[in-house]
Amino acid sequence: MPSGTPTSSPESSKTAQRIGVPREVFPGEKRVATVPEAVEKLIKLGFSVTVESGAGVGADVSDEAFKAVGATIAADATALWNTADIVFKVRPPTLAEVAQMHTGQTLIDFIWPAQNPDLMQALAAKGVTVLSIDCLPRTLSRAQKMDALTSMAGVSGYRAVIEAANAFGRFFNGQITAAGKVPPAKVFIAGAGVAGLAAIGTAASLGAIVRANDTRAEVADQVVSLGGEFVKVDYEEEGSGGGGYAKVMSEGFQKAQRAMYAKQAKEVDIIITTALIPGKPAPKLITAEMVQSMKPGSVIVDMAGEQGGNCELTEPGKAVVKHGVTIVGYTDLASRLAKQSSTLYGTNLFRVTEELCKTKDGVINVNMEDDAIRGLTVIKDGTITWPAPPLKPAATPAAAAKPAAAVKKAPAHGEASAPMAPGKLAMMFAGAAVLFWLIGRSAPTAFMSHFTVFVLACFVGYMVVWNVKPALHTPLMSVTNAISSIIAIGALVQISPVMGAAERPNGLITWIAAVAIALTAINMFGGFAVTQRMLAMFRK
């Protein structure tokens, strides 16, 4: 080759890839895999985007909205599948859609490989690469921005409460009306994962009394922080199964759990179940006998309907009434908020694409050395790579060298310090007593009166301010108005009738003291009144 002939690298010959977004064909599915806001960002990464005509109609996104941000519109699904290098979808592809795929194509989608082995084989036979969003390693902190499972679960949990409110015959919040008192609804939520926590927050914000249970004891604080009450099973067993999911519990635990559910079923008005373990049928938590024990007009929303349901009487995809109880088994809760779900899902897929295209040249690189990408990739160039190997544990940081001599830390404000030695304490009191005796022997009577007020002020200030932990000052701020009672003591001393005529202050000071007493009394009693009102705001 002549020395002056330019050479080109494989990288420089790459052309930008085309992302295709087909219309979802699953019955009742309204979501779309991307939205105009995400398309703009994908184009800035160097990709071109094609959307099938009408793909966003169910999510209230028109073809014109996609065109306005630079996307092209494909007339039909065949044209889109034939030209796209990368395909974004929501639901797993049908076999008819798989037939339209070609070698080298990349599919990013919910696949659920454990539940769809035949689909996995069909995709592998096509020689494609498949990234399954549901296989993302959720324990990686940087994977949170790509976690579509969490996004969809949050939407579903919110929608479950809305469906329950629609089927329930009363207010969620308690009310007192001219026609009588309406008690607040009692809601029990089985499972406090992402969907359960979203349901807890929504139900509590609507004014219901919310109770929740989960096999993972560590979520109890999260339940309480959202306004719910954590109901514990009377059986000790760890329920964390890794990856943010719960594990299958022992028979002893399940028996105690069923007893607790049976008790809750008799007491509450609404039950929302969210229990699912990936790759397994939904566990049966609510038996037919529990449904019969519920009050007429009660509601069960079974969020696990698509995997068979947590209630024995659930009919997936339907809302039915059995034994006077409405059982909602809808399998499309996220799709019932299609606009919001599509926006969140589109953002998640953009973040995945961002990780695949760090060079921002419109070409993805499925890096199998990246833990997040390796977990997502279930098929690589026609070879099934699922399941991914376990993540390597994070390296333990080296222990810091211990200092030669430990330095005692001074106690922080509000913390208890070490008790003083008895001998030292006795000497301190003896010295203080001698000092007060010397002052009292030589000081005038008026000085002693003021000095007494000063000592009382120091004592009261220490007891009600300095000796109280700072964390309590904010919630009890109005109570600390009682500190001003020391002003009342000083004013009373000023106008006390026991003072001699020569020591009694003039009329102006007397009137100032009287006004001080009046204002202090208002501050004291008003502080306690405000506190009671604050506490009443948090009572049901």
> Just checking, is any N or O donor in the side chain of Glu37 or Thr343 under 3.5 Å from an acceptor N or O on the other one?
Replying inline: no
>> How about NZ on Lys360, more than 12 heavy atoms from neighbouring residues, nucleotides or ligands closer than 6.0 Å, or not?
In response: no
>> Suppose we screen for salt bridge (charged side-chain N to carboxylate O under 4.0 Å, His left out). Which residues come up paired with Arg374, at least two apart in sequence or across chains?
In response: none
>> So that I can tick it off, tell me whether Glu354 and Lys41 are bridged by a salt bridge, with the cut-off set at under 4.0 angstrom between side-chain N and carboxylate O.
In response: no
> Is there a donor-acceptor contact under 3.5 Å linking the side chains of Arg258 and Thr287?
Replying inline: no
> Going by an N to O cut-off under 4.0 Å, is there a salt bridge joining Lys89 and Glu24?
Replying inline: yes
>> Give me the atom names and distance for the closest heavy-atom approach of Lys266 to Lys295.
In response: O-CE, 4.3 Å
> Taking atom CZ of Arg159 and atom CG of Leu333, what is their separation to the nearest 0.5 Å?
Replying inline: 8.0 Å
> Does the gap between the ring centers of Tyr345 and Phe88 come in under 6.0 Å?
Replying inline: no
> Out of curiosity, Ile111 CD1 to Ile133 CD1, how far, rounded to the nearest 0.5 Å?
Replying inline: 9.5 Å
>> Counting only heavy atoms not in Lys145 (residues, nucleotides, ligands), do more than 12 fall under 6.0 Å from its NZ?
In response: yes
>> Does Asp370 form a salt bridge (Lys or Arg N to Asp or Glu O under 4.0 Å) with Arg142? I'd like the steps, not just the answer.
In response: CA-CA 12 Å; Asp370 184 308; Arg142 72 182 183 88; 2.3 Å; yes
>> Within this structure, what is the CD1-CD distance for the pair Ile200 and Glu229, rounded to the nearest 0.5 Å?
In response: 11.5 Å
> Hey, are Asp332 and Ser335 close enough side-chain-wise for a donor-acceptor pair under 3.5 Å?
Replying inline: no
> Just by distance, with hydrogens left out, do Asp269 and Ser298 show a side-chain donor and acceptor under 3.5 Å apart?
Replying inline: no
> In terms of heavy-atom contacts, does CD of Glu64 have more than 12 from other residues, nucleotides or ligands at under 6.0 Å?
Replying inline: yes
> Is Phe26 atom CZ crowded by more than 12 heavy atoms from other residues, nucleotides or ligands, each under 6.0 Å away?
Replying inline: yes
> Distance only, no hydrogens: is a donor on one side chain within 3.5 Å (strictly under) of an acceptor on the other, for Asp76 and Thr78?
Replying inline: no
> Do the side-chain N and O atoms of Ser341 and Arg31 include a donor-acceptor pair separated by under 3.5 angstrom?
Replying inline: no
>> I'd like to check Ile162 versus Leu337 (side-chain heavy atoms, cut-off strictly below 4.5 Å). Are they in contact?
In response: no
> Would Thr385 and Thr377 count as having a side-chain donor-acceptor pair, cut-off 3.5 Å?
Replying inline: no
>> Are Val366 and Ile373 packed together at the side-chain level, in the sense that at least one heavy-atom pair is separated by less than 4.5 angstrom?
In response: yes
> Hey, what do you get for CG (Asp381) to OG1 (Thr129), rounding to the nearest 0.5 Å?
Replying inline: 4.0 Å
> With a cut-off of under 6.0 Å to the ring centre and 45° to the axis, is Arg91 in cation-pi contact with Phe110?
Replying inline: no
>> Just verifying a value: how many Å separate Met303 CE and Cys311 SG, rounded to the nearest 0.5 Å?
In response: 15.0 Å
>> Are the side chains of Ile43 and Val69 in contact, using a 4.5 Å heavy-atom criterion?
In response: no
> Taking everything shown except Phe350 itself, do over 12 heavy atoms lie less than 6.0 Å from its CZ?
Replying inline: yes
> Can you name the one residue among Val51, Val90, Val87 that meets side-chain contact (heavy atoms from CB on, under 4.5 Å) with Pro22?
Replying inline: Val87
> Is there side-chain contact between Val378 and Met120, with heavy atoms separated by less than 4.5 Å?
Replying inline: yes
> Is NZ or CZ of Arg211 both nearer than 6.0 Å to the six-membered ring centre of Phe188 and within 45° of the ring axis?
Replying inline: no
> Roughly how far, to the nearest 0.5 Å, is CH2 of Trp112 from CD of Gln307?
Replying inline: 7.5 Å
